[in-house]
J.: 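Handing you this structure, nothing more for now.
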Amino acid sequence: MSDKPSTAPSVDREEIEKIAELARIRIAADQTAEVASRITRILAMVDTLQAADTAGIEPMANPLDATQALRPDVVTEGNRREDFQAIAPAVENGLYLVPKVIE
Amino acid sequence: MHFETVIGLEVHLQLATQSKIFSGSATAFGAEPNTQASAVDLAMPGMLPVLNEQAVRFAVMFGLGIGAEIGRRSVFDRKNYFYPDLPKGYQISQFSDPVVGRGTFEIQLEDGSTREIGITRAHLEEDAGKSLHEDFHGCSGIDLNRAGTPLLEIVTDPDIRSAEEAVAYLKALHSLVTYLGISDGNMAEGSMRCDINISLRPVGSDTLGTRAEIKNVNSFRFVEKAIQHEIERQSDILEDGGKVVQETRLYDADRNETRPMRSKEVANDYRYFPEPDLLPVELDDAFIEELRELLPELPREKRARFVSDYGLGDYDAGVLAASRPLADYFEAVASEAGDAKIAANWVQVELLGRLNRDEKDITDCPVPAPHLAQLIQRILDNSISGKIAKQVFESMWNGEGDADSVIAAKGLKQVSDSGELEAMVASVIDGNPEQVEQYRAADEGKRKKLVGFFVGQVMKVSKGQANPQMVNQLLADKLG
Amino acid sequence: MHDQTVAQLSRGLREKRFSSVELTRHLLDRIGQLDSQLNSFITVTGEQALAAADHADRILAAGGAGPLTGIPIAHKDIFCTDGVRTSCGSRMLDNFVPPYDATVVRQLADAGTVCLGKTNMDEFAMGSSNENSYYGPVKNPWHTGLVPGGSSGGSAAAVAAGLVPAATGTDTGGSIRQPAAFCGITGLKPTYGRVSRLGIVAYASSLDQGGPMARSAEDCALLLNAMAGHDPADSTSTRREVPDYCAELERPLEGLRIGLPKEYFGEGLDAATGECIQAALRELESQGATLVEVELPNSHLTIPTYYIIAPAEASTNLSRFDGVRYGHRCDSPENLHDLYTRTREEGFGDEVKRRILVGTYALSAGYYDAYYRKAQQARRLIRDDFLACFESVDVIAGPTAPGPAFGIGEKISDPVAMYLEDVYTLAVNLAGLPGMSVPAGLVDGKPVGLQLIGRHFDEGRLLNVAHRFQQATDWHTRTPDIAGGAA
């Protein structure tokens, strides 16, 4: 993408930290600037889309414009707790364990 | 300063499907932890949602039940946030195109007045799992059995003005959804949970004040108390010249107070976008009309019919029509007993009173409708008096059999045999010469009072089983 | 045996020239000897493979065999395999052994194939060079200093090197076609919805599609016959009937109209690569096809549109990797927040994190309309361009990639330059169309791929065109030196 739009967003440290928090990804302090500059470059590239005239175009979520088929209300799944919890990092009494949840 | 309370409610209603909204796991309450959590419910890699038809049908039935617009094309969206009871890291919900659009809901208050509550929308979504906070070495335990249970979230306009109205709305909603059979409405098991948006504003103002949201209140009584507490809290703040903070609060039933939820402090950015694993749901006329045909008689219609067909008062009709099993019970008793008014009286006074005292629901009633109908028939055919009937009812409640067998076993049948009664009357007259003297000497007015003594004596002799009308007649004849 | 196509091996098995166990053992030996140079496999399942081959031999002996009975294959490590580690090229799933099979895995097992193992890939299918794998880069068998393409680079390299005759891949923005082109093999991305996505670790749900990678169009048809079909567990899978993709392979090309988008032959296309493509087109013309220039006027929107939609969907598809139920979990988390952020910091590689962050940004409050919604609108424009072309042509043809394979390390430091590698393949995913890459020549000993794009559900036509081309050319039979001669 050759032409750089004047409105290209620049993502600063603070914004990267906000996005990383939303995405629950820790970024080490010494890497934030590097990550921010790369993300800024990518956003500058995708921002070329702003020039496109899409007025009145219906957004397309599915390329086939298909519609949802419905499933009959039947129980088809049995208890496979043992299989599933065999690959879990921390379980006790059939429960998945996480650090204390505060409401 | 006088404040007006403005309340909007969001009810999360678990739909009574057999399987989950997007997977084939069972939805039964109370199973061992994580035994009803399939690969889809656990958000295992590569797993995909498939929409349960019955959940859509139930949502549409609700929409039809309140006369709302039905979304001919509705879309599922992802609502993104991290929480351990939300395995995918997003909840599949509906944002811009819900399955049920705008509708209205009429509620009746205790003073008999009615109010219209606007329904903003109702949309389908999946329930989350549960975090159990008992201490596992400083950890919480996560049970995902509930994850994926279908929910219908029903959102009202900010039309509610008091705790009483809020409770009336919830009761009427509960009545409607159980009539429709789309939810078991079991609040103790979390089938119907309520988020309360509440704000105050000076009376006469038409701008909304800053609101607090009280999350996950799960009984009518707690809703009432939480609202009352929150009105007090907010008016204290406002009267002191302070500002209400927009926040999410929890109602603590043990302390009867609301407090801020710590986990929701950070403003969430849910990043809604159309769920690419599901396609738009399109409902055609045939689908909707088929459901319209299936709609049962709804509480309002039933109440009106009870008034017009059975001649009941509007209030009584309302009480009996409030719950479908109660209404069905009443109608079964009325039709078998042949007298709707007496049936209504018995169901409302004796039966409901007894159910309340024992904290039982009509569905657990130990006296089947045909037994109560039989009891009423025995009153109507003079086999027993109303007073004896209450005694028979008590025995029936205690599981001693139907009306006839209790009456027979206890020898409670009313004595209507004129020979037997004549003998009793004669013996009472013979045994009380003084009172007979007095009676005969008295004028017409006093005699009416005095005859009561003789009736009482005869009833005593008969152990309450003498037919009171016949006794009166015989006494009048014998005393002259 | 290792230089034969699936069709040839299938005949060899039926004619009892060799057994499935012999074939399997031979390929396992080759993997053992050669894969240390290529790194195309993450997991080799030798024992299970031999057991499956033995079972297949019994079916072959009993005469109940289908065309794929006893044929060794490999699965890209994005397909969940019951009891076999499915890493998706990520540290996050390094320890993940799913207790279930992807639908495609089950279908191919039911068809009698023998799975030799799981192939290397860019982490979570994000990449065009296979340098983004937790398990190290895959080397191109034609020259180990080159990338094999991505993200299905392990599958492409393994097939090209004669380690396995066919493999599965997934294609979200070119991840089957581009590595097929770089490694000189044939790969097909089916129409969106043609092949079940159940059990494929999701990258971008509205774009992902699994498909076959093999040595010939005929082999792709044989595999697609087994892979295609409605899956009630995938709401986006189509109910359309599955034709026999082998039935139309020989159909002559007379009267076929091939559209050449002028946007695919302009600036940015390597000249020598362009010549290979022109030569291939002349071959098709000589068989009776008509070449027609067409326009895809919204092509310039493809890269930004894709790099909004794919990261946006990925950012939420990857939220499930939280260290709670499976996969990597950081050591001694201090609290819930620490569990999430450190698990995800450690578990995901740089490119995956970048795409999650870009996607999170594009969906976040205040940016949704300008990015995601706008991209969905542009997506419709891009698809409609293709639909308009298909009113006058039967297939569209052009290069699969702007040039042949580039060097390992050459583009890794510049994500945007890397994204440009997908310029000809992305639109096919955005439009949900079927696309193929067919070997069409060599540039300095590096393979070049001809891309064929068809109407929705017109895989049969693509396979037919590719097969007729392969009947007349031998590019698809060329093998890199590492593959050695006939065995």
Side-chain angles (χ1 to χ4, degrees), chain A residues 1-2 9 11 15-16 18-28 31 35-36 38-39 41-66 68-71 80 82-91 96-102, chain C residues 95-99 192-193 206 232 235-236 238-239 298 301 303-305 307-308 315 322-327 329 333-342 344-345 348 353-354 356-358 360-362 364 370-371 373-381 383 415-416 419 430-433 456:
Chain A
M1 299 287 108
S2 48
V11 183
E15 193 143 18
I16 275 293
K18 204 184 87 192
I19 299 166
E21 172 57 25
L22 271 179
R24 296 294 188 278
I25 293 176
R26 185 176 166 275
I27 300 177
Q31 284 168 30
V35 172
R38 286 187 177 226
I39 300 286
R41 289 204 55 207
I42 296 169
L43 289 175
M45 185 272 284
V46 302
D47 214 51
T48 56
L49 190 61
Q50 300 312 324
D53 180 8
T54 55
I57 305 295
E58 180 70 14
M60 186 178 89
N62 178 280
L64 302 172
D65 293 324
Q68 181 66 31
L70 302 174
R71 171 179 69 80
R80 293 191 64 194
E82 219 173 295
D83 291 340
F84 294 135
Q85 296 200 339
I87 54 170
V91 286
Y96 293 96
L97 295 190
V98 296
K100 197 129 194 82
V101 176
I102 302 157
Chain C
N95 62 0
F96 177 62
V97 180
Y192 183 77
S206 76
S235 299
T236 59
T238 179
R239 284 167 193 275
N298 290 292
L301 303 179
I303 292 185
T305 298
Y307 279 100
I308 290 168
S315 72
D322 59 4
V324 176
R325 296 165 312 285
Y326 47 79
R329 179 185 181 108
E334 285 170 29
N335 52 44
L336 192 58
H337 188 264
D338 188 42
L339 169 69
Y340 286 151
T341 58
R342 207 145 49 81
R344 291 164 64 79
E345 177 197 23
F348 294 138
K353 284 182 207 167
R354 270 198 290 278
I356 291 175
L357 294 174
V358 168
T360 303
Y361 179 87
S364 63
Y371 287 98
R373 190 167 188 282
K374 182 113 184 162
Q376 297 266 51
Q377 291 173 311
R379 186 174 181 183
R380 184 176 295 278
L381 294 176
R383 184 199 62 173
V416 174
Y419 294 172
L430 290 170
L433 299 166
H456 288 132

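Every chain is numbered from 1 and lettered A, B, ... according to where its sequence line falls, protein lines coming before strand lines. Every heavy atom of this structure was used, including side-chain atoms; hydrogens, water molecules and symmetry mates were not.
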J.: Shortest non-hydrogen contact from L336(C) to P99(A)?
T.: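 That closest heavy-atom pairing would be N-CB, 3.5 Å.
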J.: So which residue, R239(C), K353(C), E345(C), ends up with the most heavy-atom pairs under 4.5 Å with chain A?
T.: E345(C)
J.: Side chain, backbone, both or neither: which part of L339(C) has a heavy atom under 4.5 Å from chain A?
T.: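 Just its side chain gets close to chain A.
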J.: Got a donor-acceptor contact below 3.5 angstrom from the R354(C) side chain to the P415(C) backbone?
T.: no
J.: Can you tell me which of T238(C), L357(C), I308(C), L433(C) forms the most heavy-atom pairs within a distance under 4.5 Å of chain A?
T.: L357(C)
J.: Does K18(A) NZ have over 12 foreign heavy atoms under 6.0 Å away?
T.: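 No, because the 6.0 Å sphere around NZ of K18(A) holds 12 heavy atoms or fewer from other groups.
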J.: Scan R379(C), R383(C), R380(C) and name whichever one has a side-chain contact (heavy atoms from CB on, under 4.5 Å) with L430(C).
T.: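 Filter result, single survivor: R379(C).
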J.: For each of V324(C), N95(C), N335(C), D338(C), tally heavy-atom pairs with chain A at distances under 4.5 Å, and name the one with the top tally.
T.: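 The answer is V324(C).
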J.: With a 4.5 angstrom heavy-atom cut-off, which part of R71(A) approaches chain C: side chain, backbone, both or neither?
T.: neither
J.: Side chain, backbone, both or neither: which part of V35(A) has a heavy atom under 4.5 Å from chain C?
T.: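 Only the side chain of V35(A) comes within 4.5 Å of chain C.
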J.: What option among A61(A), A88(A), A86(A) has the most heavy-atom pairs under 4.5 Å with chain C?
T.: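 The answer is A61(A).
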J.: Chain C heavy atoms under 4.5 Å from R38(A): which part of the residue, side chain, backbone, both or neither?
T.: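 Contact with chain C: side chain only.
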J.: Who are the side chain to side chain contact (heavy atoms under 4.5 Å, CB included) partners of A90(A), not counting sequence neighbours?
T.: L97(A), R329(C)
J.: Given heavy-atom pairs under 4.5 angstrom as the criterion, report whether the side chain, backbone, both or neither of A370(C) touches chain A.
T.: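 A370(C) touches chain A through backbone and side-chain heavy atoms alike.
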J.: Mind listing the closest non-hydrogen atom pair of P333(C) and R342(C) along with its distance?
T.: CA-NH2, 3.7 Å
J.: I'd like to verify something: which residue of I27(A), D65(A), D83(A), D53(A) has the highest number of heavy-atom pairs under 4.5 Å with chain C?
T.: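 Of the options given, most contacts go to D65(A).
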J.: With distance as the sole test, does R344(C) use its side chain to make a donor-acceptor pair with the main-chain N or O of R24(A) at under 3.5 Å?
T.: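 Judged by distance alone, yes, a pair lies under 3.5 Å.
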J.: Side chain of H456(C), backbone of A431(C): donor and acceptor closer than 3.5 Å?
T.: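 Such a contact is found between H456(C) side chain and A431(C) backbone.
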J.: Is it the backbone or the side chain of S364(C) that comes under 4.5 Å from a heavy atom of chain A, or both, or neither?
T.: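 Just its side chain gets close to chain A.
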J.: Check whether Q31(A) gets within reach of chain C through its side chain, its backbone, both or neither, counting any heavy atom under 4.5 Å.
T.: neither
J.: Ignoring hydrogens, what is the shortest heavy-atom contact between L64(A) and Y192(C)? Give both atom names and the distance.
T.: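 Scanning both residues completely, I find the closest heavy atoms to be CD1-O, 3.1 Å.
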J.: Checking heavy atoms, do the side chain of A375(C), its backbone, both or neither come under 4.5 Å from chain A?
T.: both
J.: Using non-hydrogen atoms only, which part of A66(A) is less than 4.5 Å away from chain C: side chain, backbone, both, or neither?
T.: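 Contact with chain C involves no heavy atom of A66(A) at all.
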J.: Looking at residues at least two apart in the chain, or sitting in another chain, which of them share a side chain to side chain donor-acceptor pair (under 3.5 Å) with N62(A)?
T.: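 Listed in chain order: nothing, the list is empty.
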J.: Heavy-atom pairs under 4.5 Å with chain C - which of I57(A), V98(A), I16(A), I39(A) has more of them than the others?
T.: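 Of I57(A), V98(A), I16(A), I39(A), I57(A) has the most heavy-atom pairs under 4.5 Å with chain C.
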J.: Among the options I42(A), V91(A), L70(A), pick out the one with the most heavy-atom pairs lying under 4.5 Å from chain C.
T.: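 Counting heavy-atom pairs under 4.5 Å, the top option is I42(A).
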J.: For Q68(A), is it the side chain, the backbone, both or neither that has a heavy atom under 4.5 Å from a heavy atom of chain C?
T.: side chain
J.: Measure the acute angle between the ring planes of Y371(C) and Y361(C), then classify it against the limits of 30° and 60° as parallel, tilted or perpendicular.
T.: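 Geometry flag for Y361(C) against Y371(C): perpendicular rings.
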